[in-house]
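Here the structure is laid out as structure tokens; the discussion comes afterwards.
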Amino acid sequence: MITFKCSSCGGEMTVSRSGDLVCSYCGSRSVFTDKDLRDYKEFRMRMLTYLSEISERPDPDETDRIWRHAERESFIMSDGRPLSVNYLFRGEQNGVNVFTTRKNVIFVFPAGETRAPERFSQMAEKIVYPSADIKGLADFFPTVSGVFELKGGKRVLSVSKDEESYPLSAFGSLPPEHAAWIVSRLENLCCVLEYSDVFHGGIDLESVFINARTHQAYLLGGWWNSSDCEGGSVNDLIAIRAAAKRVTGMSYDSAPAEFKRFVEGAPAEDAYEDFRLWDRVIDEGFKGRRFRKLDLSALNL
């Protein structure tokens, strides 16, 4: 996947009508070569068209075609065997490289970071669910499928993922009504964290994955920052607000006043009460819960 990162805030840059690179988050501008522009626009349009189509229904043939454009990263495991990662998106969080493959998220930890992948697994396993859970909440938290050591001391941790889900950072700037359903899902996941007495500590655009067709959000990354913390949800709730403002980008000014008051205000003392606050934003600012198709093809290139 061809991406361009903003040197000011690290957000993904998009192409304006004038041919400049514009950061959807902080408004910084840059320029690139004609060839870079052609390559970027060709692949970006193909990718957005693909994502728009799976908003209706998944097409296995089109999925196969888009994955032919995946890039490859090669590693050597500690026992000398090769390890190849085919990915569409590559990000970075706290010095950890994050690769989005077709059915997994691959985290590559720097050499010497032995405790971080261990903490990832331990904290993800601490999540517990209410006995009356009928929504299958476990599906939205990570399931570790493997941990490998690389030559040179780096470690790789693999997490299973929904084939149609992609990191929130890959979607650029989204309209407020689509940021709203993402906030709803994250508020729900924070209630699970609260119930489990776990503080996540890494909610951002790289750790959150979304499925544009089903309007689901997954908290798959950043678990090396997690800790046992009774009543420690406030910082996670602050992180949701920061993510909501960043993902709306240049659309933030057009958001309902209730949405902006929520994003800019202090969270409630716990996730359950914060979810109730958010419900009022949905009712008053967005006129209730309505499924709105995520029309990615309408986003600015």
Side-chain angles (χ1 to χ4, degrees), residues 9 11 24-27 51-52 55-56 129-130 132-137 139-141 165 167-169 171-196 199-200 202-205 207-219 231-300:
C9 73
S24 301
Y25 308 113
C26 70
L51 290 173
S52 296
S55 293
E56 293 290 341
Y129 306 94
D133 175 24
I134 60 175
K135 297 182 179 179
L137 290 170
D139 293 342
F140 309 114
F141 291 91
S165 65
L168 188 51
S169 61
F171 289 79
S173 180
L174 294 175
E177 60 267 25
H178 298 303
W181 66 255
I182 296 169
V183 172
S184 293
R185 301 298 178 265
L186 294 179
E187 285 279 326
N188 191 24
L189 298 186
C190 270
C191 288
V192 178
L193 293 172
E194 182 97 32
Y195 184 82
S196 305
F199 166 56
H200 183 270
I203 296 176
D204 64 14
L205 304 193
S207 62
V208 174
F209 285 63
I210 65 170
N211 183 318
R213 182 176 66 86
T214 62
H215 282 197
Q216 296 293 355
Y218 307 78
L219 187 51
S233 62
V234 171
N235 287 333
D236 283 337
L237 299 173
I238 292 173
I240 288 178
R241 286 159 166 79
K245 186 170 185 178
R246 188 170 178 187
V247 79
T248 51
M250 291 182 289
S251 300
Y252 181 74
D253 288 343
S254 64
E258 294 84 355
F259 178 86
K260 289 189 282 190
R261 279 198 297 270
F262 179 88
V263 167
E264 295 169 11
E269 292 185 359
D270 61 61
Y272 312 121
E273 180 59 30
D274 206 60
F275 206 166
R276 284 190 281 271
L277 292 178
W278 174 249
D279 270 341
R280 289 204 289 271
V281 174
I282 291 293
D283 290 339
E284 299 171 10
F286 295 96
K287 310 306 178 186
R289 299 182 184 277
R290 291 178 292 168
F291 190 94
R292 297 173 173 87
K293 178 185 173 183
L294 181 54
D295 185 10
L296 294 172
S297 61
L299 298 180
N300 286 332

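Position 1 is the first residue of the sequence, and the numbers go up from there.
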| request: Drop me the distance from Arg276's CZ to Glu187's CD, to the nearest 0.5 angstrom. | output: 11.5 Å
| field | Beyond-backbone contact of Ser207 with Leu219, side-chain heavy atoms, under 4.5 angstrom | value | yes
| message | Using every non-hydrogen atom in the two residues, find where Gly285 and Pro256 come nearest and quote the distance to one decimal. | response | O-CG, 3.4 Å
| query | Do side-chain atoms of Asp236 reach the backbone of Phe199 as a donor and acceptor pair under 3.5 angstrom? | reply | no
| Roughly how far apart are Gln216 CD and Leu189 CG, rounded to 0.5 Å? | 9.0 Å
| field | Side-chain heavy-atom pair Ile240, Cys190 within 4.5 angstrom cut-off | value | yes
| field | Straight-line distance of Leu205 CG to Ile182 CD1, nearest 0.5 Å | value | 9.0 Å
| query | Mind checking whether Phe286 and Phe259 have parallel, tilted or perpendicular rings, split at 30° and 60°? | reply | perpendicular
| request: Measure the shortest side-chain to side-chain distance between Phe141 and Leu193 over non-hydrogen atoms and say whether it is less than 4.5 angstrom. | output: yes
| Donor-acceptor pair, side chain of Tyr252 and main chain of Ala244, under 3.5 angstrom | no
| request: Of all the heavy-atom pairs spanning Arg185 and His215, show the shortest one and how long it is. | output: NE-O, 2.8 Å
| message | List the residues meeting salt bridge (charged side-chain N to carboxylate O under 4.0 Å, His left out) with Arg280, not counting sequence neighbours, and say none if there are none. | response | none
| Closest heavy-atom pair and its distance - Phe275, Cys191 | CD1-SG, 3.7 Å
| request: Could you tell me the separation between the CD1 atom of Ile282 and the CG atom of Leu277, rounded to the nearest 0.5 Å? | output: 12.5 Å
| With a 4.5 Å limit on heavy-atom distance, are the side chains of Ile238 and Pro267 in contact? | yes
| query | Quick one: are Tyr129 and Tyr195 in side-chain contact, heavy atoms under 4.5 Å? | reply | no
| task | Can you see which heavy atom on Glu273 is nearest to which on Ala268, and at what distance? | result | CG-CB, 3.6 Å
| task | Could you check if a side-chain atom of Thr248 sits within less than 4.5 angstrom of a side-chain atom of Val263, using non-hydrogen atoms only? | result | no
| note | Rounding to 0.5 Å, atoms CG (Leu174) and CH2 (Trp181) come to a distance of 8.0 Å
| Within a strict 4.5 Å, meaning less than it, do heavy atoms of the Val183 and Leu186 side chains meet? | no
| Of all heavy-atom pairs between Val234 and Glu269, which one has the smallest distance, and what is that distance? | CG2-O, 3.8 Å
| field | Pairing residues for Phe140 by the ring-ring contact (aromatic ring centres under 6.0 Å, His included) criterion, not counting sequence neighbours | value | Tyr218
| Considering all heavy atoms, the nearest Ser233-Ala271 contact | OG-N, 3.5 Å
| query | Taking side chain as C-beta onward, heavy atoms only, is Leu237 less than 4.5 Å from Glu194? | reply | no
